[in-house]
Amino acid sequence: MTGNAMPEPILVSACLLGLSTRYDGQSKRNDKVLEYLRRENLQPIPICPEQLAGLPTPRPKSFFASGGGSDVLDGNGLLVQENGTDVGEAFIRGAAESLKLAQLAGCRRALFKDGSPSCGVHRIYLGAEQVAGQGVTTALLLRHGLQFISEGDLL
Ligand code: SF4
């Protein structure tokens with residue numbers, strides 16, 4: 001066989017790739033992400049954990065009221081929409097579906113959108129305040145050995 005090596009699959013937050021999956025119906029297309037994927041010969045597997053959870057788009061904004069992604073997985077943290085609805089269970093469902101997808105596609109790495117209650121890699125929102133922490137899907141996939149970077153890690 002000749003030719004280039006097969007690209008490695010990598011799980012990528014769909015909004016970073018230009019899909020309009022965000023709570024406000026917009027995307028967060030990021031040219032640095034697209035360039036990085038090309039340069040590193042990576043095959044993006046786009047996912048939006050919140051859509052995989054069955055939540056609509058647009059949808060109310062969500063944030064942590066206590067704890068972070070790992071706490072929500074363990075039934076300790078509290079994740080709410082701005083109207084006060086507890087969405088912890090839905091986000092756990094989205095995380096579980098994302099894990100299935102990662103395993104089906106053979107992804108060992110992920111490039112996720114920081115700050116998101118699902119996809120946050122280094123930081124999340126606790127109320128209106130940015131704090132160090134991970135989103136619910138990131139926390140679950142970390143427990144299963146995936147390695148993470150966020151769009152902010154790309155130079
Ligand atoms: S859940 Fe993740 S992929 Fe979906 S819109 Fe939010 S940051 Fe993007």
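We count ligands from 1, going down the list as the structure has it; atoms in each ligand are counted the same way.
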Answer yes if the side chains of Ser116 and Arg22 hold a donor-acceptor pair under 3.5 Å, and no otherwise. no
Can you tell me which residues line ligand 1 if we count any heavy atom under 4.0 angstrom from one of its atoms, in chain and number order? Ser13, Ala14, Cys15, Thr21, Arg22, Ile47, Cys48, Pro49, Glu50, Arg59, Lys113, Ser116, Ser118, Cys119
Tyr23: which residues meet the side-chain hydrogen bond (donor to acceptor under 3.5 Å, both in side chains) condition with it, sequence neighbours left out? none
Quick one: name the residues clustered hydrophobically with Leu154, using the 4.5 Å side-chain heavy-atom rule over I, L, V, M, F, W, Y, and just say none if it's on its own. Ile10, Val12, Leu16, Leu17, Leu19, Val33, Leu34, Tyr36, Leu37, Leu42, Leu111, Ile149
What do you reckon, is CD of Gln147 surrounded by more than 12 foreign heavy atoms closer than 6.0 Å? no
Side-chain heavy-atom pair Ser150, Arg123 within 4.5 angstrom cut-off: no
Not counting sequence neighbours, which residues clear side-chain hydrogen bond (donor to acceptor under 3.5 Å, both in side chains) with Glu8? List them please. Arg109
